[in-house]
Amino acid sequence: MMLRGFLSATIVAVCIAFPAVAEPLPKASQPEEAGLSAQRLKILDTAFQSEVDRGKLAGAVVLILRNGKVAYSRAFGYQDREKQIVMKPDAIFRIASMTKPLVSVAAMMLVEEGKLQLVTPVSTFLPEFKEVKVGVEKVNDGTGKPELVLEPPRREMTIHDLLRHTSGLTYGQFGDSLVKQAYRSANIGAPGDSLAAVVSKLAQLPLAYQPGTTFEYSMSTDVLGRVVEVVSGMELDRFIAERITQPLGMPDTGFYISEGQAGRVAEPQVDAATGKRPPMRDVSVRPSWLSGGGGMVSTAPDYARFCQMLLNGGSFEGSRFLSPRTVAYMTTDHLPSGTPISQAVQGFGSLAPSPALGQGFGLGFAVRTDAGRNPMPGSVGEFYWTGSSGTTFWIDPKEGLIAVLMIQVPLNQGAYYRSLIRNMVYQAFAN
């Protein structure tokens, strides 16, 4: 087992550090060729440069593609403000939950190969979930205080539930229910925990909801990543490298960086109030826990290639990764009408997959179901997701548009920049 882990780590490190040379994405001769206004893109320049100049943002990379061509690419500010390292277009960012779409694509590849089915119970591959219970808060008649009562699930969670976040699993950090308190007490992701160990801990905890009943943004994609490992017989980083990032020409995307990449990692600026940087993972070391929910790093050009493959219906530069029907299926709303959205998720603001906000959730992505209702501009049929450290992307098939924003900011600042980039991109359309 130790030898297998060493060999897997070595293979992935080689894949990340020494990829086949990929051709850059095609570039429009001028923004107007891609339907954007060069003059109005200067407004975008001013908006982000102003954030840097005012000390609100250390730096950013913005990349916009339309109709298959790069219409705009710009690096702002600093990769490391304190060290005065200027931001570059190929800076490497912690993408947090923008890992989830990659793992979702990995799972759907296995579905297309007949090795996995969405209807299959998770316990088929991870037997520890067979006995999982649902935690229900009830008031103790004697003390008058809430206590956690365990009830059997009405049905088992399925692979479909993991992909659309209706598994009943949760995150411990959003909210303060008794189940979430149990998550925090379980010390999930303790130093040395592998993905298998993390999933085993989760299986010992009660579910927050009956499977299939509620959208709860959760550790579902971490569990899905473990399913990918079990079904494929490969560790998650190796599977993603061999099947997705290496063939797509994404040399700077993985769960950790090589020594040669160390000088390109973007860092959040020091908080003036505390004198410290916001806590973020050291990406120079291969993590013991390969988090399918939030453990990867990438660059704007790399992630744009992944997005272009999806916009192309699963193909890229002559290679097919998914069927166009599979991509269409993944980017359709999979939440049944009337599905409750958990209170914690409603606090996500414009990200919430709520009909009131004109949004639903597919298999790994939020999807736009209504042109209005949301405070951010977009089109019906677009799909996207974001990361807790500020990174975001969206794909708007109606407009042939891909936009990627890479920044590193605390969780409470991300919403402002998600809104800013949306407004700046759509105002720059010339037609």
Side-chain angles (χ1 to χ4, degrees), residues 5-25 58-63 70 73-99 101-103 106 225 235-269 277-292 294-309 387-393 404-409:
F6 171 78
L7 290 174
S8 297
T10 302
I11 290 169
V12 175
V14 170
C15 290
I16 293 174
F18 305 105
V21 176
E23 291 294 324
L25 289 164
V61 177
V62 178
L63 187 59
V70 176
S73 177
R74 177 84 187 268
F76 298 90
Y78 300 94
Q79 179 184 299
D80 189 320
R81 182 187 286 272
E82 282 65 41
K83 294 181 180 179
Q84 292 290 287
I85 300 174
V86 174
M87 184 69 77
K88 297 179 180 64
D90 65 348
I92 297 171
F93 293 79
R94 300 165 182 87
I95 60 172
S97 287
M98 278 170 53
T99 304
L102 285 153
V103 175
E235 289 183 286
L236 186 60
D237 56 351
R238 181 181 166 200
F239 185 93
I240 290 176
E242 292 188 8
R243 297 293 304 276
I244 302 175
T245 58
Q246 191 178 4
L248 276 172
M250 300 167 65
D252 296 316
T253 302
F255 287 88
Y256 61 103
I257 61 169
S258 68
E259 185 177 349
Q261 296 166 313
R264 291 193 284 128
V265 176
E267 300 290 355
Q269 66 189 34
R277 296 185 194 271
M280 291 192 180
R281 182 175 70 85
D282 178 3
V283 298
S284 66
V285 180
R286 183 179 187 266
S288 55
W289 171 21
L290 298 169
S291 173
M296 296 184 75
V297 299
S298 190
T299 65
D302 269 19
Y303 210 88
R305 298 175 79 86
F306 175 67
C307 292
Q308 189 66 59
M309 178 272 290
S388 61
S389 54
T391 59
T392 195
F393 80 96
V404 180
L405 170 66
M406 293 292 197
I407 56 176
Q408 301 283 248
V409 297

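Positions are given from 1 along the sequence. Keep in mind that this is a model prediction, so the values were computed, not measured.
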(request) Could you please spell out the steps behind the side chain to side chain donor-acceptor pair (under 3.5 Å) verdict for Asp302 and Thr253? (result) CA-CA 7 Å; Asp302 269 19; Thr253 302; 2.8 Å; yes

(request) Decide side chain to side chain contact (heavy atoms under 4.5 Å, CB included) for Thr299 and Met406; before the verdict, give the C-alpha distance in whole Å, the side-chain angles of both, and the deciding distance to 0.1 Å. (result) CA-CA 7 Å; Thr299 65; Met406 293 292 197; 5.7 Å; no

(request) Dump the intermediate steps for side chain to side chain contact (heavy atoms under 4.5 Å, CB included) on Met98 and Ser298, then the final yes or no. (result) CA-CA 9 Å; Met98 278 170 53; Ser298 190; over 6 Å; no

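Across all non-hydrogen atoms, the minimal contact from Ala304 to Leu25 is CB-CD1, 3.9 Å. In plain terms, the two heavy atoms of Ala60 and Ile407 that are nearest each other are CB-CG2, 3.4 Å. The nearest pair of heavy atoms linking Pro89 to Val61 is O-CG1, 3.9 Å. Closest non-hydrogen pair, Leu248 versus Met309, comes out as CD2-CB, 3.9 Å. Leu290 approaches Pro287 most closely through the heavy-atom pair CD2-O, 3.9 Å.
One finds the CD1 atom of Ile240 at 7.5 Å from the OG1 atom of Thr99 (value rounded to the nearest 0.5 Å). Residue Gln269 holds its CD atom at 10.0 Å from CG of Asp80, rounded to the nearest 0.5 Å. Atom CZ in Phe239 sits 6.5 Å away from atom CD1 in Ile244 (nearest 0.5 Å). Note that CD of Glu23 is 8.5 Å distant from CZ of Arg305, once rounded to the nearest 0.5 Å. Put simply, CD1 on Ile92 and CG on Asp252 are 4.5 Å apart, with the number rounded to the nearest 0.5 Å. With values rounded to the nearest 0.5 angstrom, Gln408 atom CD is found 5.5 Å from Arg94 atom CZ.
Residues passing the ring pair (Phe, Tyr, Trp, His ring centres under 6.0 Å) test with Tyr78: none are found, sequence neighbours excluded. In terms of the salt bridge (Lys or Arg N to Asp or Glu O under 4.0 Å) criterion, Arg281 has no residue partners (sequence neighbours excluded). Contacts of Tyr303 classified as ring pair (Phe, Tyr, Trp, His ring centres under 6.0 Å), with partners at least two apart in sequence or in another chain: Phe306, Phe393.
You'll find the side chain of Val297 stays beyond 4.5 Å of the side chain of Gln261, heavy atoms only.
Remark: the backbone N or O of Ile85 is not paired with any side-chain donor or acceptor of Gln79 at under 3.5 angstrom. Of the possible polar contacts, none joining the Ser388 side chain to the Ala96 backbone as a donor-acceptor pair under 3.5 Å is found.
In this structure, Glu82 pairs ionically with Arg277, as a charged nitrogen and a carboxylate oxygen lie closer than 4.0 Å.
Surrounding CD of Glu259 are at most 12 heavy atoms belonging to other residues, nucleotides or ligands under 6.0 Å away.
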